[in-house]
Every structure is written in C-alpha cells, then in structure tokens.
Amino acid sequence: MSKQEDTNYWLMKSEPDVFSFEDLMAKKTTFWDGVRNYMARNYMMRDMKVGDLVLFYHSNAKPSGIAGIATISSEARPDASSFDKNSDYYDQKSTPDKPRWFAVDVSFYRTLPSFVSLDQVKKNKKLKKMVLLNNSRLSVQPVTKNEFDLILEMSQLGGT
DNA sequence: GCCAACGTTGGC
DNA sequence: GCCAACGTTGGC
C-alpha cells in the first residue's frame, strides 16, 4: 500500500437559509458542527486532511447545487454542541469524556465562475456515479478528483 | 407541503 | 441480530 499524499475531495451540504457559501466567504472559517450521521462523521474524523478541497453544496435551495469551493482547515475535534443541553444538536449519549460526534473546520477557498445546479450534475453522464446522485441523504461525502475537475469545468463553461 | 429514500431505534 | 416503525433529509 502506498502512502496517499494527494489531496482528497469532498462535497459538504448546507442549507443556504441556515449557512450559505456567502456566509462562509464573510466568516472565512466555520466549525462544521451538528453532523449526526456516522458515515459523515467518519469521513470527517478519519479521512479528511488539512488542505483537502470541498464542493460547498446548497441543499433545500432554489435551486440546489454547488455554490463554491472550500477547504478543510483543521483535523476533526469533538463537537461540543453534542454536550450542550440547549443546543438543537444535543445528544445525551455524547459526553466531554466520551464524545460521540466530531467535526472539522471548513474555510473559504475560492468562488466559482458560475453556480453548478443539481440539474446540470444530473445531466452530465460522466457524473452518474457521484454519491450526490446515489445517496442523496449523506451530508458529507467523498468526490473523486475526476468528478471534482468535471464540476469545475462545468462551472467555467457556465460562467459569465 | 408532499413524500420517497434511508438511517436509526428498540422490541423481540 | 432481525426488522418494523419512526424520524429526517432533501428534491420537487
């Protein structure tokens, strides 16, 4: 097994009404807390590295799609909102001694020439295998370099 | 606002 | 450890 030194690529979903790519641009860095799905957590905890690139996806939006590029800016650390009884994300099975949920920092990286809608992604036959289209409920998901590059290409073509 | 898809919970 | 019931996500 060879050591993987290449950047990994991801797609992370956020509802723009709650936290949009524009919000990330303004804030620069945000802690990606509130994820309560084990697969999504495991990607953040085990597989993400500082410098990985992220397609920032707007879900439940009009339209939904890829709004910009972000980058992973910290290793995973315990998600303190899971200990906070007043948080919407409180989980009584998670404690500071034995945290169940973890998250990473996500930072603004760059804007895209144009928004790439879910509809455009669906129409691109080369993107048929994207997790986005096959496990639509996963909020943190891996993307291949090829898929990432194709999205960027689509964004250039759609650009103004 | 509806509802399909799917992850999680809990009874057995 | 199975699986039905339930709750949530997210497109439309």
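Below, all heavy atoms of this structure are taken into account, side chains as well, without hydrogens, waters or symmetry copies. Here is the naming used below: chain letters follow the sequence lines, and residue numbers restart at 1 for every chain.
- The shortest distance between side-chain heavy atoms of A:Leu152 and A:Leu112 falls below 4.5 Å.
- For A:Trp10 and A:Phe56, the distance between ring centers is not under 6.0 angstrom.
- Counting 5' to 3', DNA chain C first comes under 4.0 angstrom of a heavy atom of chain A and last does so at the ends given by C:dG7 to C:dC12.
- When only modelled atom types and interatomic distance are considered, A:Arg36 and A:Ser94 share no side-chain donor-acceptor pair under 3.5 Å.
- Map A:Asn60 and A:Lys93 each onto its nearest nucleotide of DNA chain B; the residue landing nearer the 5' end is A:Asn60.
- Note on A:Asp119: nothing from the nucleic acid sits closer than 4.0 angstrom, heavy atoms only.
- Ring geometry for A:Phe148 versus A:Tyr9: interplanar angle of 30 to 60°, hence tilted.
- Within the nucleic acid shown, A:Lys122 comes within 4.0 Å of sugar-phosphate atoms alone, with no base atom in reach, counting heavy atoms only.
- Residues forming a side-chain hydrogen bond (donor to acceptor under 3.5 Å, both in side chains) with A:Ser14 (at least two apart in sequence, or on another chain): none.
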